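To keep things clear, I will list the structure first and then write my remarks on it.
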Amino acid sequence: MVVLFNPYSVHAGGFLLVANKGDQTMGIIDPSAGQQLATVAEDGVTGHELAASPDGKFAYVPIYGNAGVGSPGTDGSLLRVINLATRQITGTVDFGKGVRPHCAVIGPKNGLLYVTTELENSITIIDPATLKIVGSVPTGQPESHMLAITHDGRRGYTANVAPGTVSVLDLEAKKLLTVIPVCKVTQRICVSADDRWVFTSDQDAPRLAVIDTTKNAVVRWIPMPGTGYGVAATPDGLWLVVPLPRINKVAVIDLREMKVAHTLDMPRAPQEALVRPDGGEAYVSCDASKKVAVIDTQNWTVRTLISAGPVADGLAWAPASSQN
């Protein structure tokens, strides 16, 4: 696999943001200090995922509702904008009706904000500068829960939970290209550093699907010691971090061999994974444990556990800003 990233080219300074679903707050964590510095009330029930602006000044928190994907409950219709310096809500996007907005991703080239809007079977596109909805992309499937975008910003991939499929999106043309059958039920999704592979976890079997982005098809499965959930790739293109919530572990997959190389013990219910932009650490939110695990990616050991809020889930990295 081609290495696309110099791990020493990005300064590690920044903050880890976490969606604390249990108390409807966004936590701001200083990984260097090993503590949650503050929480910001979302004024809504509840944010599951979040994204940070590239300049580290703002966080974007879709307010999903009070239920899990595919379950009865309220249907969120808002996205909160939080100023990370003042730690206050400074803007809101109103979708106009219940759409269960869930996963937020910043376009790597155009800086637009892409948000999964599950009940619309779509991705909604927002201009962060104006907080106006500027477009949408149909996914062609229900429960398009999570979104991953290629590094050139041209393609999007959604994990469609109950259908067990992945939608392939042309983000520039704003159209659905194809739907890839994967398994009975899937969860979470990420793209490799070279955009060659897309990964998503089978929820009925301990295996990870490997999708070839040139063929738009599952080309192999990676066996795992437990059922995967979140998934995050290291920026050097060599490793994949996969929380295994049912057995309280994390699997580290060697992408050169396409097999599990390490397993790490976690607190209860490891949920989402995020790798710091310089690749030096990985973070795993542990839903039932009010913890975020910090993993040293050089030797694949757990460096420390940081206390977060209840039902910690979505993670985002906010680079250091002069306003923080």
Side-chain angles (χ1 to χ4, degrees), residues 48-49 51 62-65 67-77 79 95-107 112-126 133-150 153-192 195 197-205 207-221 227-231 242 271-272 313-314:
H48 292 194
E49 300 291 330
I63 305 301
Y64 182 78
V69 58
S71 299
T74 60
D75 302 328
S77 61
L79 177 141
F95 294 92
K97 58 183 175 179
V99 295
R100 293 197 176 187
H102 187 256
C103 178
V105 182
I106 299 288
L112 295 174
L113 181 63
Y114 296 84
V115 181
T116 58
T117 35
E118 280 183 20
L119 298 185
E120 295 284 280
N121 299 349
S122 71
I123 306 299
T124 296
I125 308 170
I126 297 166
I133 294 172
V134 296
S136 67
V137 186
T139 66
Q141 298 279 278
E143 298 183 16
S144 298
H145 200 54
M146 299 295 285
L147 168 69
I149 296 178
T150 54
R154 297 179 59 198
R155 295 285 182 267
Y157 300 86
T158 61
N160 310 312
V161 176
T165 60
V166 167
S167 295
V168 184
L169 313 175
D170 183 331
L171 297 180
E172 295 177 330
K174 300 184 180 64
K175 68 179 183 180
L176 171 67
L177 295 178
T178 191
V179 176
I180 303 169
V182 179
C183 53
K184 184 178 179 181
V185 179
T186 192
Q187 256 290 359
R188 309 294 165 120
I189 196 162
C190 84
V191 180
S192 64
D195 294 336
W197 312 109
V198 167
F199 306 97
T200 189
S201 291
D202 187 340
Q203 295 303 286
D204 288 324
R207 59 180 187 166
L208 186 77
V210 181
I211 295 170
D212 186 324
T213 58
T214 64
K215 298 178 180 179
N216 286 332
V218 177
V219 293
R220 68 187 300 166
W221 293 91
T227 303
Y229 203 69
V231 58
V242 187
Q271 189 92 353
E272 181 149 303
D313 189 2

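Given the structure is predicted, the values throughout are model-derived calculations rather than measurements. This chain uses plain numbering: 1 for the first residue, then up along the sequence.
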(message) Between Asp75 and Arg100, does any side-chain N to carboxylate O distance fall below 4.0 Å?
(response)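 A salt bridge links Asp75 with Arg100.
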(request) Would you mind checking if Glu272 and Arg188 are paired as a salt bridge, meaning a charged N to carboxylate O distance below 4.0 Å? (result)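 Glu272 and Arg188: salt-bridged.
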(request) Report the C-alpha distance between Leu169 and Leu176 in whole Å, list the side-chain angles of each, state the deciding distance to 0.1 Å, and finish with yes or no for side-chain contact (heavy atoms from CB on, under 4.5 Å). (result) CA-CA 5 Å; Leu169 313 175; Leu176 171 67; 3.8 Å; yes
Within a strict 4.5 Å, meaning less than it, do heavy atoms of the [X] and [Y] side chains meet?
X	Y	answer
Ile126	Val115	yes
Trp197	Val219	yes
Lys97	Ser77	no
Ile189	Val166	yes
Tyr114	Ile149	yes
Val168	Ile180	yes

Considering non-hydrogen atoms only, spot the tightest contact between [X] and [Y] and give its length.
X	Y	answer
Val231	Phe199	CG1-O, 4.0 Å
Pro62	Glu49	CD-O, 3.3 Å
Ala209	Val182	CB-CG1, 3.7 Å
Asp170	Val137	O-CG1, 4.4 Å
Leu208	Ser201	CD1-OG, 3.3 Å
Pro101	Gly76	CD-O, 3.1 Å

(message) As an exercise, state the distance from CD of Gln203 to SG of Cys183, rounded to the nearest 0.5 Å.
(response)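 The CD atom of Gln203 sits 7.5 Å away from the SG atom of Cys183.
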(request) Calculate, to the nearest 0.5 Å, the distance between atoms CD and OG belonging to Gln141 and Ser122 respectively. (result)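 These two atoms lie 13.0 Å from each other.
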Do any N or O atoms from the side chain of [X] and from the backbone of [Y] form a donor-acceptor pair under 3.5 angstrom?
X	Y	answer
His102	His145	yes
Thr139	Asn121	yes
Thr116	Ile123	no
Thr200	Gln187	yes

Which atom pairs, one a donor and one an acceptor, fall under 3.5 Å between side chains of residues 153-163 and the rest of the protein, sequence neighbours left out?
| from | atom 1 | to | atom 2 | distance (Å) |
| --- | --- | --- | --- | --- |
| Thr158 | OG1 | Asn160 | OD1 | 3.0 |
| Asn160 | OD1 | Ser144 | OG | 2.6 |
| Asn160 | ND2 | Thr165 | O | 3.4 |
| Asn160 | ND2 | Thr165 | OG1 | 2.9 |
| Asn160 | ND2 | Ser167 | OG | 3.0 |

(request) Answer yes if the side chains of Thr117 and Thr124 hold a donor-acceptor pair under 3.5 Å, and no otherwise. (result)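 Judged by distance alone, the side chains do pair up.
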(request) I would like to know whether Ile106 and Leu112 meet side-chain contact (heavy atoms from CB on, under 4.5 Å); could you show each step before the answer? (result) CA-CA 6 Å; Ile106 299 288; Leu112 295 174; over 6 Å; no
